[in-house]
Amino acid sequence: ITHPDKDVALHYTLDGSEPTENSPLYDSPIVIKDRSDEENRLSNIPTGPKWVMPKERVTKGTVVRVKAFKQGYIPSISLSGSFFVFPKGRNRYPLPVVSIITDEKNFFGDTLGIYVPGINYVEGNESTGNYNKRGDKWERVGNFEYFNKNGNISLSQLVGFRIHGGWSRRFPIKGLRIYARGSYGEKYLNEKFFYDKPYSSYKVILLRPSGNDYNSSLMRDATAQLCVRHLNFDTQAYSPAIVFINGEYWGIKNIRERYDKHYLERVYGVDPENIDLL
């Protein structure tokens, strides 16, 4: 990791958190290896009433975030990267890989964590919990990386994350909305996620674990929509992907379109700010 200004100090983290001047100073190469034999960390955090601890150690990569600091100057934005070292290399997975990098407390902290029961959970009431909260206050920022099916990284940017779904929010594995916003950097997710669609730019996509089917086929809803996509009504595009959160394997999720004003703008060319969406 280099910087053209010799007076700049580079600080980094390996846990998904934002680097500060108290983070380790980068002064020698970071060793990247297959961490799959290490103890699970995030995977061992309960995420709902039906949560069960994994029986085995999950596959793991390494996430690096680095920031430049110089006295008298505003720190740089953080640069983030995910690195995977597997015996089979890029052939480890036949599917695209999504890597989410964010401060652990954004997803799993009792107060801020959108993925856990947290301080808003009332014992015995599955309709409560942090994961049932909605709106701008419950959007968390992090880095979104997309490795295509050839193993090449084709997208890496800051995005907003929210929990997606209704009843399925209480399940251990949850749906996520991915928001591209100008305030985070890029206004769009510029990637052709779906081979059968002509679009290569999205404001919002879903990472959906198939709702009630999260622990079974993982594709029942997507399959049903594929079976009727030739009929004269809208269906949501579908592309399965492997997901990692801060370097820990998080299962197979379905990248899906979301029905919202941005969908209507992209598909039908309507003004997204001049509609009634029921």
Side-chain angles (χ1 to χ4, degrees), residues 82 90-101 139 142-166 168 173-182 184-214 216-245 250-278:
S82 305
R90 66 183 60 207
N91 296 321
R92 174 67 176 82
Y93 298 113
L95 299 174
V97 171
V98 168
S99 178
I100 294 170
I101 305 175
E139 180 172 317
N143 204 73
F144 176 91
E145 286 182 295
Y146 181 79
F147 297 81
N148 60 34
K149 63 182 179 180
N150 296 321
N152 300 316
I153 187 168
S154 55
L155 188 67
S156 179
Q157 66 187 70
L158 286 177
V159 299
F161 297 100
R162 297 189 193 183
I163 299 298
H164 176 78
S168 64
I173 302 297
K174 309 178 194 305
L176 289 170
R177 293 180 199 164
I178 314 300
Y179 288 89
R181 301 192 189 280
Y184 298 142
E186 298 292 334
K187 294 181 179 180
Y188 294 91
L189 295 157
N190 293 313
E191 176 63 37
K192 188 174 174 61
F193 294 107
F194 311 107
Y195 73 93
D196 57 344
K197 295 286 185 178
Y199 314 110
S200 57
S201 185
Y202 296 84
K203 285 290 292 181
V204 186
I205 61 167
L206 304 180
L207 287 179
R208 192 170 185 271
S210 201
N212 292 25
D213 190 38
Y214 77 94
S216 185
S217 78
L218 308 181
M219 60 180 183
R220 192 169 299 165
D221 177 71
T223 301
Q225 296 204 37
L226 286 171
C227 288
V228 296
R229 63 179 176 176
H230 62 289
L231 300 177
N232 191 27
F233 50 76
D234 291 50
T235 57
Q236 293 163 290
Y238 153 74
S239 176
I242 303 293
V243 175
F244 284 81
I245 298 180
W250 216 256
I252 299 174
K253 304 293 178 291
N254 300 322
I255 303 176
R256 306 294 300 271
E257 293 176 290
R258 181 179 184 234
Y259 288 147
D260 58 12
K261 63 182 183 179
H262 305 297
Y263 174 91
L264 295 174
E265 178 185 27
R266 184 177 69 252
V267 177
Y268 293 106
V270 301
D271 179 358
E273 304 303 330
N274 192 33
I275 60 171
D276 293 321
L277 182 61
L278 306 181

Can you name the closest pair of heavy atoms from [X] and [Y] and give their distance?
| X | Y | value |
| --- | --- | --- |
| Arg162 | Glu139 | NE-OE1, 2.7 Å |
| Thr235 | Tyr263 | O-OH, 4.2 Å |
| Ser154 | Glu191 | OG-OE1, 3.0 Å |
| Leu189 | Ala180 | N-CB, 3.7 Å |
| Leu155 | Phe193 | CD2-CZ, 3.9 Å |
| Gln236 | Leu206 | NE2-CD1, 4.4 Å |

Does Lys203 make a cation-pi contact with Tyr188 (under 6.0 Å, within 45 degrees of the axis)?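 Judged by the rule, Lys203 and Tyr188 form a cation-pi pair.
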Donor-acceptor pair, [X] side chain versus [Y] backbone, under 3.5 Å?
| X | Y | answer |
| --- | --- | --- |
| Asn254 | Arg256 | no |
| Asn148 | Asn150 | yes |
| Asn212 | Ser168 | no |

Answer yes or no: is there an ion pair linking Asp221 with Arg208, defined by an N-O contact shorter than 4.0 Å?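 Answer for the salt bridge query: yes.
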Salt bridge or not for Arg266 and Glu257, using N-O below 4.0 Å? yes
Check whether any side-chain heavy atom of [X] lies under 4.5 Å from a side-chain heavy atom of [Y], and answer yes or no.
| X | Y | answer |
| --- | --- | --- |
| Tyr184 | Gln157 | no |
| Asn143 | Val159 | no |
| Ile205 | Phe144 | yes |
| Ile100 | Trp250 | no |
| Val98 | Phe244 | no |
| Ile275 | Tyr268 | no |

For the pair His262 and Tyr179, evaluate side chain to side chain contact (heavy atoms under 4.5 Å, CB included) and give the outcome as yes or no after the intermediate values. CA-CA 11 Å; His262 305 297; Tyr179 288 89; 6.0 Å; no
Side chain to side chain contact (heavy atoms under 4.5 Å, CB included) between Thr223 and Tyr238, intermediate numbers included: CA-CA 9 Å; Thr223 301; Tyr238 153 74; 5.9 Å; no
Separation of Ile173 CD1 from Ser210 OG (nearest 0.5 Å):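 Rounded to the nearest 0.5 Å, the OG-CD1 separation comes out at 13.0 Å.
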NZ of Lys253 to CG of Leu176: how many Å apart, nearest 0.5 Å?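 Rounded to the nearest 0.5 Å, the NZ-CG separation comes to 8.5 Å.
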Under the rule for side-chain hydrogen bond (donor to acceptor under 3.5 Å, both in side chains), what residues qualify as partners of His164, not counting sequence neighbours?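 Arg177.
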Contacts of Ser200 that satisfy side-chain hydrogen bond (donor to acceptor under 3.5 Å, both in side chains) - sequence neighbours left out: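 Ser200 satisfies side-chain hydrogen bond (donor to acceptor under 3.5 Å, both in side chains) with no other residue.
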Are there over 12 heavy-atom neighbours, none belonging to Lys192, within less than 6.0 Å of that residue's NZ?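 More than 12 heavy atoms, drawn from other residues, nucleotides or ligands, come within 6.0 Å of this atom.
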Give a yes or no on whether Lys149 atom NZ has more than 12 heavy-atom contacts from other residues, nucleotides or ligands under 6.0 Å away.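 Counting other residues, nucleotides and ligands, NZ of Lys149 stays at 12 neighbours or fewer.
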Hits for side chain to side chain contact (heavy atoms under 4.5 Å, CB included) against Ser82, two or more places apart or cross-chain, chain-then-number order -> Val63, Phe84, Ser99, Ile101, Glu145, Phe147
Go through Asn152 and Arg90 one step at a time and tell me if the side chain to side chain contact (heavy atoms under 4.5 Å, CB included) criterion holds. CA-CA 8 Å; Asn152 300 316; Arg90 66 183 60 207; 2.6 Å; yes
